[in-house]
Amino acid sequence: EETSIIGNLRDVLLQARDWYMNELIHLESHRLKRFLIANNWSVRKSKSAILEMIKWRSQENIDTLSIRGLEHHIQQGKNYHSGEDKDGRPLLLMRTHLDTADDPEGKLKFVLYQLERSIRLADTKFSWFVHCGSFGMYNCGPSHINLTRKLLNALTNCYPERLGSVYIYKSPWIFSRFWKIVKPWIDPITVKKVIFIDGKNKDVLKEYIPANYLETEYGGNNTYQFDPDQYLQMLYNEEDEWIKKNIADMEVVYDPTT
């Protein structure tokens, strides 16, 4: 029955509009299933959600997001991929103390770029490890609250069933104020994915992140030292290969039923 519902959803979507080649990936069975799960297997609601997602991606130019022009966000070292969590999901490490109040729109584009990269790395779920040790008053300011709301809307409406876990590490008292503001915007299922770790015992982190991926700063065995120039070059090379692959894929007859 599950296969039949997915096929039905694909059929009504194909009838709803003309589809560009780069959009057909969103009609793959496992991607449709994510929207169906998020919408209690309602074909009608899932169709509406997917069409809105496609519209949003076009308006925000998601398919052409590039690290070029966002380099200063990498230079800050505040958000980068750092291995996997215990469930094999790509892990994004975020250090709030390295964040600044400038360029909120670029900041959102940068986070969305990293989410898209997570999906390219492993088309499953991704997780976040958020180091909040120096979370301050400015993190609770209007620009950060607005940014958080936009990101939460994107995660809920355009990336359903993509978030694995969020590990909040060493959150100070001021974070509770921030959490009180944003928690009502998060659906209850997602709230359960947020895990608070106080930082008093770093060994607790190893219950969620394998020691070989966990950086030594957090009690792991990973001696990696973030090098922004090296990381940027890797992203440049990766992006160039991705563009070549997309061009090659345009010449292939695509079968979204797989």
Side-chain angles (χ1 to χ4, degrees), residues 22-23 26 52-82 90-121 126-160 162-163 166-169 171 174-175 177-179 181-182 185-186 190 194 224-243 246:
N22 68 304
E23 297 173 336
H26 300 292
E52 283 298 314
M53 177 269 294
I54 294 295
K55 180 180 177 181
W56 173 80
R57 291 183 68 90
S58 176
Q59 291 174 338
E60 299 297 326
N61 299 307
I62 300 298
D63 290 327
T64 55
L65 277 178
S66 171
I67 197 60
R68 292 169 170 86
L70 298 173
E71 287 91 346
H72 64 291
H73 292 286
I74 287 291
Q75 294 289 346
Q76 293 171 347
K78 62 187 178 184
N79 191 330
Y80 59 90
H81 283 90
S82 182
L91 186 69
L92 270 169
L93 173 59
M94 181 181 292
R95 292 188 168 104
T96 60
H97 64 286
L98 296 177
D99 197 10
T100 58
D102 66 314
D103 191 20
E105 287 304 313
K107 202 175 297 183
L108 178 61
K109 287 182 179 180
F110 175 61
V111 175
L112 292 174
Y113 174 88
Q114 292 286 50
L115 297 189
E116 288 287 314
R117 182 171 184 259
S118 295
I119 295 171
R120 292 200 297 268
L121 290 173
F126 50 79
S127 292
W128 251 317
F129 174 31
V130 186
H131 183 181
C132 293
S134 298
F135 194 91
M137 286 294 293
Y138 89 96
N139 293 109
C140 299
S143 65
H144 275 81
I145 295 295
N146 187 47
L147 172 65
T148 301
R149 187 163 201 167
K150 287 182 178 180
L151 180 58
L152 288 172
N153 284 337
L155 280 170
T156 301
N157 300 320
C158 303
Y159 299 93
R162 285 290 186 185
L163 184 62
V166 179
Y167 310 107
I168 305 292
Y169 180 67
S171 58
I174 190 64
F175 186 84
R177 178 177 173 179
F178 175 81
W179 182 242
I181 295 170
V182 304
W185 304 335
I186 309 173
T190 302
V194 179
Y224 175 72
Q225 294 291 318
F226 181 74
D227 182 327
D229 294 328
Q230 186 181 63
Y231 193 79
L232 263 175
Q233 190 57 56
M234 177 191 69
L235 293 182
Y236 288 147
N237 296 340
E238 184 182 279
E239 196 171 281
D240 290 342
E241 288 300 314
W242 182 251
I243 291 171
N246 278 349

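Values below: every heavy atom of this structure, side chains too, minus hydrogens, waters and symmetry copies.
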Between atom [atom1] of [X] and atom [atom2] of [Y], what is the distance when rounded to the nearest 0.5 Å?
{"X": "Leu232", "Y": "Gln75", "atom1": "CG", "atom2": "CD", "answer": "5.5 Å"}
{"X": "Met234", "Y": "His81", "atom1": "CE", "atom2": "NE2", "answer": "8.5 Å"}
{"X": "Asn22", "Y": "Ile62", "atom1": "CG", "atom2": "CD1", "answer": "12.5 Å"}
{"X": "Met53", "Y": "His26", "atom1": "CE", "atom2": "NE2", "answer": "5.0 Å"}
{"X": "Glu116", "Y": "Ile119", "atom1": "CD", "atom2": "CD1", "answer": "5.0 Å"}
{"X": "Lys107", "Y": "Leu151", "atom1": "NZ", "atom2": "CG", "answer": "12.0 Å"}

Within-4.5 Å side-chain heavy-atom neighbours: [X] and [Y]:
{"X": "Gln230", "Y": "Gln225", "answer": "no"}
{"X": "Thr190", "Y": "Thr156", "answer": "no"}
{"X": "Arg177", "Y": "Ile174", "answer": "yes"}
{"X": "Phe129", "Y": "Ser127", "answer": "no"}
{"X": "Phe110", "Y": "Ile67", "answer": "yes"}
{"X": "Trp179", "Y": "Ile168", "answer": "no"}
{"X": "Trp185", "Y": "Ile145", "answer": "yes"}

For the student: nearest non-hydrogen atoms of [X] and [Y], plus distance:
{"X": "Pro90", "Y": "Ser118", "result": "CG-O, 3.8 Å"}
{"X": "Ala154", "Y": "Trp56", "result": "CB-CZ2, 3.9 Å"}
{"X": "Glu71", "Y": "Gly69", "result": "OE1-N, 2.7 Å"}
{"X": "Gly106", "Y": "Leu70", "result": "O-CD2, 3.7 Å"}
{"X": "Cys132", "Y": "Ser171", "result": "CB-CA, 3.8 Å"}

(message) Under a 3.5 Å threshold, yes or no: a donor from one side chain and an acceptor from the other, between His73 and Lys78?
(response) yes
(message) Is it true that Arg95 and Tyr80 share a donor-acceptor pair across their side chains at a distance under 3.5 Å?
(response) yes
(message) Could you go through Glu238 and Leu121, starting from their C-alpha distance and side-chain angles, then the distance that decides it, and tell me whether this counts as side chain to side chain contact (heavy atoms under 4.5 Å, CB included)?
(response) CA-CA 10 Å; Glu238 184 182 279; Leu121 290 173; 4.3 Å; yes
(message) If the condition is salt bridge (charged side-chain N to carboxylate O under 4.0 Å, His left out), which residues does Asp229 pass it with, not counting sequence neighbours?
(response) none
(request) Tell me, please, which residues at least two apart from Arg162 pass salt bridge (charged side-chain N to carboxylate O under 4.0 Å, His left out). (result)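 Checked Arg162 against salt bridge (charged side-chain N to carboxylate O under 4.0 Å, His left out); matches are Asp123.
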(request) Applying side chain to side chain contact (heavy atoms under 4.5 Å, CB included), run through Leu115 and Leu155 and close with a yes or a no. (result) CA-CA 9 Å; Leu115 297 189; Leu155 280 170; 3.8 Å; yes
(message) Taking the ring of Phe178 and the ring of Phe175, is the distance between their centroids below 6.0 Å?
(response)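 That pair passes the under 6.0 Å test.
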(request) Give the C-alpha distance, both sets of side-chain angles, the deciding distance and a yes or no for side chain to side chain contact (heavy atoms under 4.5 Å, CB included) between Lys109 and Leu112. (result) CA-CA 5 Å; Lys109 287 182 179 180; Leu112 292 174; 5.7 Å; no
(message) Please evaluate residues Tyr113 and Asn79 with respect to the criterion side chain to side chain contact (heavy atoms under 4.5 Å, CB included), reporting the C-alpha separation (whole Å), side-chain torsions for both, the decisive distance (0.1 Å), and the verdict.
(response) CA-CA 11 Å; Tyr113 174 88; Asn79 191 330; over 6 Å; no
(message) Quick one, Arg120 with Glu239, criterion salt bridge (Lys or Arg N to Asp or Glu O under 4.0 Å). Give me CA distance, side-chain angles, the key distance, then yes/no.
(response) CA-CA 11 Å; Arg120 292 200 297 268; Glu239 196 171 281; 5.6 Å; no
(request) Measure the acute angle between the ring planes of Trp128 and Phe126, then classify it against the limits of 30° and 60° as parallel, tilted or perpendicular. (result)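 It falls in the perpendicular class, over 60°.
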(message) Tell me if a side-chain donor or acceptor on Ser58 pairs with a main-chain N or O of Ile54 at a distance below 3.5 Å.
(response)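 No; zero donor-acceptor contacts below 3.5 Å.
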